[in-house]
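Note that these values count all heavy atoms, side chains included, but never hydrogens, waters or copies made by symmetry. Counting from 1, the numbers follow the sequence of the chain as shown.
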Amino acid sequence: MSTLEPGQIFERYRILQWLGHGVSGESYEAEDTLLLRKVTLKLIHPQATLPDSVRRQFFREMQGISILNHPYLATVLDYGEIDGKLYVARRYSSNGSFLGSNGRLWFRSPLDVSEAIQYGHQLAQALQHIHNRGYVHGAFTFSNILVLGGPSLENQANYAPFLLADVGLTNFVRRFGQQPHMPLPVTAAPEQLGKRVTAASDQFALAVVLYFWLAGRPPYVGTPQEIEHLKLTETITPLSSLNAKVSVEQEGMVRRALSVYPEDRYPTVLAFTDALLETLAQSEMQAEPAETTAYLIIISPYIKEPYQVLLRGDETTIGRAGSSSILLEHDNLTSRHHALLKRENGRYFIYDSGSGNGVQVNGQRLSDNSGCALQDGDHIGIGNYELIFCLGTPKVAEKGPIFATNNSTA
């Protein structure tokens with residue numbers, strides 16, 4: 001049963017609807033009547049009157065937590081006490097948490113390995129920011145991962161769909177609340193069974209979230225007592241048996257972060273996700289295709305036989321200027337700096353370098369500053385010259401002699 005009703009005014013906040021309750025208290029969607037914006041209003045442990053010493057501790061902790069500022073943290077906008085009730089107002093997310101309907105719909109586990117590690121690294125940056133300032137989250141779990149939007153459809157670099165919320169709140173209630181029994185979430189580290197919370201506890205919790213994103217299920221399944229036993233004995237279903245795309249190295253890193261003893265985990269939460277990111281970089285290097293070999297067959301009206309030019313380096317200039325990589329010096333229709341061939345990510349593109357008579361590819365003239373990706377066999381027209389773009393190694397028997405461009409870069 002909710003403490004506040006829709007339409008009710010609490011301090012400067014108008015209650016819009018009840019969102020739910022958790023260990024730390026009750027959450028409401030509310031309107032800040034002073035600044036005219038939506039917020040999430042949390043009443044901290046509203047069913048009991050906390051002692052004066054505990055309320056003073058709340059204000060001491062929130063004074064520091066409220067000034068934490070990081071792009072992946074849900075900002076604390078206000079905190080205080082009304083009629084003996086402690087409250088916190090934070091940034092509102094209309095999509096709710098990762099456990100909400102949008103979160104479950106948009107981010108169905110298992111996620112792509114690269115995406116899961118990238119998202120985990122973003123959350124680790126927020127946690128590291130908290131740790132660097134002397135605080136811990138203490139209760140990091142799926143319900144305080146807020147969803148800003150769905151996965152990036154355009155594979156934007158550094159796209160961040162999540163915010164971390166409720167820093168310190170649940171941990172505060174666990175330490176000072178008067179509830180006789182508050183079950184720990186699956187993300188709670190083994191040391192939290194003895195009410196010990198450190199920065200390494202947040203690392204353990206993040207490893208549980210990452211395991212879920214990679215495997216499609218949490219690392220521990222069962223009753224609270226069974227889960228406690230699994231954590232203390234480090235009994236985990238191998239990730240590779242649940243997701244063949246997870247490497248042995250990546251699995252070992254997640255297992256280390258799930259160690260029963262905090263000192264056996266990584267020295268920092270960011271060191272954990274940095275190590276995982278390094279495996280992605282290594283995979284990308286191993287997956288890079290072999291360097292593309294290409295050449296041009298040049299048909300000139302001024303020379304009896306066609307000849308071939310092997311393309312070397314990332315840029316090849318074409319024109320009448322003596323400095324050109326490919327010199328087309330017999331034709332007045334060719335500009336001094338006529339065209340540019342560029343190799344980008346294993347593909348070749350041709351650009352008009354501001355020539356007087358233009359560059360044609362398969363009969364179509366290039367527009368100014370607009371490059372054209374070349375395919376094997378494409379015909380390039382430059383003045384009275386015809387250049388045929390070919391992929392592979394030049395064949396001496398097929399066309400005349402082979403020359404290399406005079407690029408200095410190999």
Side-chain angles (χ1 to χ4, degrees), residues 2-3 17-30 38-47 65 68 70 72-77 79 86-109 111 116 119-120 122-124 126-127 130 135-150 160-175 177 179 181-189 192 197 201-221 224 227 231 269:
S2 61
T3 303
Q17 64 172 324
W18 180 66
L19 296 176
H21 63 84
V23 174
S24 62
E26 300 172 359
S27 296
Y28 299 85
E29 178 186 344
K38 279 188 179 181
V39 301
T40 294
L41 181 71
K42 298 203 77 168
L43 299 188
I44 308 303
H45 202 21
Q47 306 305 326
I65 290 172
L68 294 173
H70 191 277
Y72 305 143
L73 275 180
T75 312
V76 173
L77 304 172
Y79 63 96
L86 302 174
Y87 70 90
V88 173
R90 63 158 167 80
R91 176 177 171 177
Y92 174 74
S93 171
S94 60
N95 295 313
S97 77
F98 182 80
L99 293 180
S101 56
N102 285 340
R104 293 196 306 270
L105 177 65
W106 291 338
F107 299 96
R108 292 183 181 275
S109 297
L111 302 180
Y119 296 154
Q122 290 168 352
L123 292 172
L127 288 169
I130 296 167
Y135 298 96
V136 294
H137 191 290
F140 175 47
T141 189
F142 298 98
S143 60
N144 45 47
I145 300 174
L146 303 184
V147 177
L148 294 181
F162 300 126
L163 282 180
L164 180 58
D166 300 338
V167 177
L169 294 182
T170 301
N171 187 37
F172 172 82
V173 173
R174 286 205 181 108
R175 285 180 291 140
Q179 297 180 13
H181 177 68
M182 291 181 287
L184 293 173
V186 69
T187 53
Q192 291 182 258
V197 182
S201 308
D202 288 340
Q203 181 186 152
F204 184 97
L206 179 60
V208 173
V209 170
L210 268 169
Y211 185 104
F212 177 84
W213 281 345
L214 293 168
R217 48 151 282 186
Y220 316 104
V221 178
I227 289 175
K231 289 178 181 179
V269 67

Checklist entry - Taking all atoms of both residues into account, what is the closest heavy-atom pair of Val136 and Val197, and its distance? => result CG2-CG1, 3.9 Å
Checklist entry - Is there side-chain contact between Leu164 and His70, with at least one heavy-atom pair below 4.5 Å? => result no
Checklist entry - Taking only residues two or more places apart in sequence or in another chain, which ones pass side-chain hydrogen bond (donor to acceptor under 3.5 Å, both in side chains) with Asn144? => result none
Checklist entry - Where do Ala116 and Leu111 come nearest, in terms of heavy atoms and distance? => result CB-CB, 4.2 Å
Item to check | Intermediate values then yes/no, side chain to side chain contact (heavy atoms under 4.5 Å, CB included), Val76 and Leu68 | outcome: CA-CA 8 Å; Val76 173; Leu68 294 173; over 6 Å; no
Item to check | Close side-chain approach of Asp166 to Val88, heavy-atom, < 4.5 Å | outcome: no
Item to check | Min side-chain heavy-atom separation Tyr72-Leu123 under 4.5 Å | outcome: no
Next on the checklist: Please give me the minimum heavy-atom distance between Asp202 and Ala139, naming the atom from each residue.
Outcome noted: OD1-N, 4.5 Å
Item to check | Side chain to side chain, Gln122 and Phe162, heavy atoms closer than 4.5 Å | outcome: no
Checklist entry - side chain to side chain contact (heavy atoms under 4.5 Å, CB included) between Thr40 and Tyr28: does it pass, once the steps are laid out? => result CA-CA 6 Å; Thr40 294; Tyr28 299 85; over 6 Å; no
Next on the checklist: Any side-chain to backbone donor/acceptor pair from Lys38 onto Ser94? Under 3.5 Å, distance only.
Outcome noted: no
Next on the checklist: So which atom in Gly216 and which in Ser109 form the shortest heavy-atom distance, rounded to 0.1 Å?
Outcome noted: CA-CB, 3.6 Å
Item to check | Polar side-chain atom of Thr141 near backbone of Ser143 as donor-acceptor pair, under 3.5 Å | outcome: no
Item to check | Trp106/Tyr119 aromatic ring centres below 6.0 Å | outcome: no
Next on the checklist: Does any part of the side chain of Leu163, heavy atoms only, come nearer than 4.5 Å to the side chain of Arg90, both counted from C-beta?
Outcome noted: no
Item to check | Close side-chain approach of Ser201 and His137, heavy atoms under 4.5 Å | outcome: no
Next on the checklist: In the structure I gave you, are the side-chain heavy atoms of Phe204 and Gln192 within less than 4.5 Å of one another anywhere?
Outcome noted: no
Item to check | Heavy-atom pair with the smallest gap, counting every atom of Leu206 and Ala124 | outcome: CD2-CB, 3.7 Å
Checklist outcome for this item: Residues Arg91 and Leu77: closest non-hydrogen pair is N-CD1, 3.8 Å
Next on the checklist: For a side chain to side chain contact (heavy atoms under 4.5 Å, CB included) check, start with the C-alpha distance between Trp213 and Leu210, then their side-chain angles and the critical distance, and finish with the verdict.
Outcome noted: CA-CA 5 Å; Trp213 281 345; Leu210 268 169; 4.2 Å; yes
Checklist entry - Are Trp18 and Glu26 close enough, and set up right, to give a side chain to side chain contact (heavy atoms under 4.5 Å, CB included), and what steps lead you there? => result CA-CA 8 Å; Trp18 180 66; Glu26 300 172 359; 4.2 Å; yes
Checklist outcome for this item: Value for CG (Leu146) from OG (Ser97), rounded to nearest 0.5 Å, stands at 7.0 Å
Item to check | Heavy-atom donor-acceptor pair, Ser93 side chain to Val147 backbone, under 3.5 Å | outcome: yes
Next on the checklist: Can you tell me how far apart OH (Tyr211) and OH (Tyr220) are? Round to the nearest 0.5 Å.
Outcome noted: 9.0 Å
Checklist outcome for this item: Rounded to the nearest 0.5 angstrom, the CD1-CG distance for Ile65 and Leu169 is 6.5 Å
Checklist entry - Does the side chain of Val167 reach to within under 4.5 Å of the side chain of Phe140, using non-hydrogen atoms? => result no
